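As structure tokens, the structure follows; a few thoughts come after it.
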Amino acid sequence: MNNLDLNKPEYFYNRELSWLKFNLRVLKESTVQGTPLLERLKFIAIAASNLDEFFMVRVAGLWDSYDSGADKRDASGMNAGEQLEAISVAAHEQVRTHYKYLMELNKELEQVGLKFRRVADLPTVAKRWLEDYYREIIYPVLTPMAVDASRPFPFLANKTLNLAVELVNREGEHSMGLIQVPSVLDRIIEVTVDEQRVFVFLEDVIFNHCEDLFKGCHILDVVPFRVTRDSDLDVDEDDIDDLLEEVEKSLRKRKRGAPVRLEIFKTNNTRIKKFLEENLAVSEMEIYEINGPLDNTCFFKFISMRGMWPWLYEPFVPQRPLELPDDSDLFAAIRKKDILLHHPYESFDPVVKLVSDAADDPQVLAIKQTLYRVSGNSPIVAALARAAENGKQVTVLVELKARFDEENNIIWARRLEQAGCHVIYGLVGLKTHAKIILVVRKETDGIKRYLHLGTGNYNDSTAKLYTDIGLMTANDQFGSDASAFFNLLSGYAEPPVWNKLVMAPLGLREKIYALIDNEISMVKAGRGGHIIAKMNALIDQPVIQKLYEAASQGVQIELIVRGICGLRVGIEGISENITVRSIVGRQLEHSRIFWFANGGKEQLFLSSADWMPRNLNDRVELFFPVETEEHIKRIKGILDLYLRDNVGAHMMQSNGNYRRVRNKAEVVSAQSTLYEQAQLAATADKIPMQERLQPMYSRR
């Protein structure tokens, strides 16, 4: 290994291009026959929303680097300019694929009676109804804007849909105008035609009334377009007095960020295209000509319209947790043994109940919790506020810099402060991404600490969609670590000597190295080495190099990485013992699970952290062991199920592309099987656990 150079750029895949590969996997779910039709349309909307955020944050950041003249190269050897060019090529191709899939889906929608039409193609009765709708609902909200010498090009907010209008004014002069399509109105409008459901887009209704909006002018052309802007926050924490106030200022700036993408309906009108290009100051590589309706995130609302249930999955109902068969005393249950929760297959309610019961329990003295992303009407936040009002010591770390949740978190922070909670915002320069609840309770035999540690956010809404694992424990060593952790965040305490927890950025990277090195030592001792790691993203170069080192020494490494992966498989002598698979399905795979064979004495850890530089260097994260034999066996069974999946699984090839796994006679869907297991466990409490955990096979 001393002579092996693991720094070669060809050993790494670019982060941004890897992300685009991931979004393509999401997009391809819209083509899977057998998945309900509108569930497939939902993947179109998800891919569109993902791409918006990618441009707003990742591409915007690259443009900042490029404009500043920075020539830093990533692990794959690309500088900012080269990445922008490669992204443009890949993203343009993906957009073409996106609309190809949408057109194919539209044909299938037609076959089940869900028809999209242009207003011009509707019968007279439907046009009259739309005329009334326009006059009563749409027209009062519209503001046509002329652009000329006295009226400069207006500011257009991020992600708003607009119409560019080319016209001839009363003086016979060519001119341009703009109309913003109101986001406060429904984008997709339903009309009835011969007792059939027909849908039109709001911008098309406005398109047909441009003559009214620019009275006295002759309309030459109307072209829809949309602008995406730089939306990353720029907060200098080293030179501020009030973080909350500074984040609020940055939020106001976000709406006015520089354009990073112009989407325009495909047109031969070079005058409108040039007009937008010049006024928005975008380059050719930032322009995306669209052959279809812009902003496909509108389909999220479309699939929730009345009468859509025949083309959707039956509602997914989280089940009663396997280890909490009734609503008995939660503290007594945790005191008796550690409890493992697997969401969304098992309900998130016990986590809410832990905080709620603690808020009302006279024996509870204190509650401490981290909050990164919470729901809009969070029962956990309500319980924390109630606990403070009941006189308990409540400390809440609210992460103000959780991207795109900043405004929501500011609101919660202020409400919690008003209720009497002690609200802290974490450590300077670090985001607090750890997921932990600590309840301190006075009992007959002294003080007892109860914990919840998890891989996902304390968000009761996303807990129904994201796969995550949580551990409830009253283990004294975990409790001691938890107290030290919160003291470290809220005060000036020195980093402790941990019993069980591992914290980033203070030691997690080194712990990962040590665990991998241990598997190498097992191989050298003739006991074999094996690692299974499941996460959202793997992009940290030193960790990838450590995995290469282990694989080259004979350690078998099976990676389950949903999204970005900078590691390359199949490199001769380096990564031939590594496989990478990505599971994309009905649930968003979010849990982080790390299993090490350890020569037969298995070690298993859960974490809030992916293996990315930001998680290991720039965030407060927690990495914690699962020590109950029953739990290790259960989670290992979950991992084994993911490794056998051939419904939602995609395997990375040596060129960085992914191929859907289809080559097995037995159909295995990890997500469907896990849900079926949860249903069975909830309705068959008397069946021995080992029988309940036997694998089942089914299609989605």
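All of these numbers come straight from a predicted model, not from anything done at the bench.
Using a distance-only test at 3.5 Å, with no hydrogens or angles considered, no donor-acceptor pair links the side chain of His98 to the main chain of Gln94. For the pair Tyr372 (side chain) and Gly456 (backbone), a donor-acceptor distance under 3.5 Å is absent. Looking only at distances, no side-chain donor or acceptor of Ser347 sits under 3.5 Å from a matching main-chain atom of Arg320. Judged purely by atom type and a 3.5 angstrom limit, Arg261 has no side-chain atom pairing as donor or acceptor with the backbone of Val59. A donor-acceptor pair is defined here as one N or O able to donate and one able to accept, closer than 3.5 Å; such a pair exists between the side chain of Arg229 and the backbone of Leu156. Between the side chain of Lys534 and the backbone N or O of Ser591, at least one donor-acceptor pair lies under 3.5 Å. Using a distance-only test at 3.5 Å, with no hydrogens or angles considered, a donor-acceptor pair links the side chain of Arg562 to the main chain of Glu589. At distances below 3.5 Å, not a single donor-acceptor pair connects side-chain atoms of Glu166 with backbone N or O atoms of Ile272. Within the 3.5 Å criterion, the main-chain N or O of Ala670 finds a donor-acceptor partner in the side chain of Asp645. A distance-only check finds a donor-acceptor pair linking the side chain of Asn208 to the backbone of Asp204 [under 3.5 Å].
Counting only heavy atoms from C-beta outward, the side chains of Glu203 and Leu161 approach each other to under 4.5 Å. Ser49 places a side-chain heavy atom less than 4.5 Å from the side chain of Phe300. For the pair Val282 and Ile287, the minimum side-chain heavy-atom distance is below 4.5 Å. Put simply, the side chain of Leu178 reaches to within 4.5 Å of the side chain of Pro154, judged on heavy atoms. Side-chain contact between Glu190 and Arg197: present, with at least one pair of heavy atoms (C-beta onward) separated by less than 4.5 Å. A heavy-atom distance below 4.5 Å is found between the side chains of Arg135 and Asp212. Contact of the Thr160 side chain with the Ser183 side chain is not registered, since no non-hydrogen atoms from C-beta on lie closer than 4.5 Å. For the pair Asn457 and Lys435, the minimum side-chain heavy-atom distance is below 4.5 Å.
Checked for salt-bridge contact, Glu399 and Arg373 miss the test: no charged N lies under 4.0 Å from a carboxylate O. Note on Lys42 versus Glu39: salt bridge recorded, some NZ/NE/NH1/NH2 to OD/OE distance being below 4.0 Å. Contact check on Arg40 versus Glu29 returns no salt bridge, with no Lys/Arg side-chain nitrogen under 4.0 Å from an Asp/Glu carboxylate oxygen. Between Glu131 and Arg128 there is no salt bridge, since no side-chain nitrogen of the basic residue lies less than 4.0 Å from a carboxylate oxygen of the acidic one.
The CD1 atom of Ile583 sits 6.5 Å away from the CD1 atom of Ile560 when rounded to the nearest 0.5 Å. Leu62 CG to Arg15 CZ: the interatomic distance, rounded to the nearest 0.5 Å, is 9.5 Å. Distance OH/Tyr675 to OG1/Thr467: 15.5 Å, rounded to 0.5 Å. Residue Thr455 holds its OG1 atom at 7.5 Å from CD1 of Ile593, rounded to the nearest 0.5 Å. Rounded to the nearest 0.5 Å, atoms OG1 (Thr673) and CG (Leu680) are 12.0 Å apart. The CD atom of Gln319 lies 5.0 Å from the CD atom of Gln679; values are rounded to the nearest 0.5 Å.
Aromatic pair Phe116/Phe201: centroids less than 6.0 angstrom apart. Taking the six-membered ring for Trp and the full ring otherwise, Phe55 and Tyr288 have centroids separated by under 6.0 Å. In this structure, Phe302 has its ring center closer than 6.0 angstrom to the ring center of Phe199. Ring centroid separation for the pair His590 and Tyr466 comes in under the 6.0 Å cut-off. Between Tyr101 and Phe43, the ring centre distance reaches or exceeds 6.0 Å.
Taking every heavy atom of both residues into account, Gly585 and Gln671 meet most closely at C-OE1, 3.6 Å. In terms of heavy-atom proximity, Leu17 sits nearest to Tyr13 at C-CE2, 3.8 Å. Scanning both residues, His343 and Val351, for their nearest heavy atoms gives NE2-CG2, 4.2 Å. Closest of all the heavy-atom pairs between Leu202 and Pro182 is CD2-O, 3.7 Å. The shortest heavy-atom contact between Val147 and Ser175 is O-OG, 3.6 Å. Heavy atoms only, all atoms of each residue included: Phe225 and Leu262 are closest at CD1-CD1, 3.8 Å.
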_Derivation of the side-chain contact (heavy atoms from CB on, under 4.5 Å) call for Leu220 and Val165_ = CA-CA 8 Å; Leu220 298 177; Val165 184; over 6 Å; no

*From CA spacing to verdict: side-chain contact (heavy atoms from CB on, under 4.5 Å), Tyr99, Val95*: CA-CA 6 Å; Tyr99 281 91; Val95 167; 4.0 Å; yes

*Evaluate side-chain hydrogen bond (donor to acceptor under 3.5 Å, both in side chains) for Lys159 paired with Thr228, printing each intermediate quantity in order.*
CA-CA 5 Å; Lys159 298 195 295 184; Thr228 312; over 6 Å; no

*Could you walk me through whether Lys107 and Glu104 pass salt bridge (Lys or Arg N to Asp or Glu O under 4.0 Å), step by step?*
CA-CA 5 Å; Lys107 293 174 184 176; Glu104 292 169 355; over 6 Å; no

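Paired with Ser30 under the rule side chain to side chain contact (heavy atoms under 4.5 Å, CB included), one option of Leu41, Leu102, Leu105, Ile46 passes, and it is Leu105.
For the pair Arg586 and Tyr313, the cation sits on the ring face: its NZ or CZ lies under 6.0 Å from the ring centre, inside 45° of the axis.
When only modelled atom types and interatomic distance are considered, Ser283 and Glu286 share a side-chain donor-acceptor pair under 3.5 Å.
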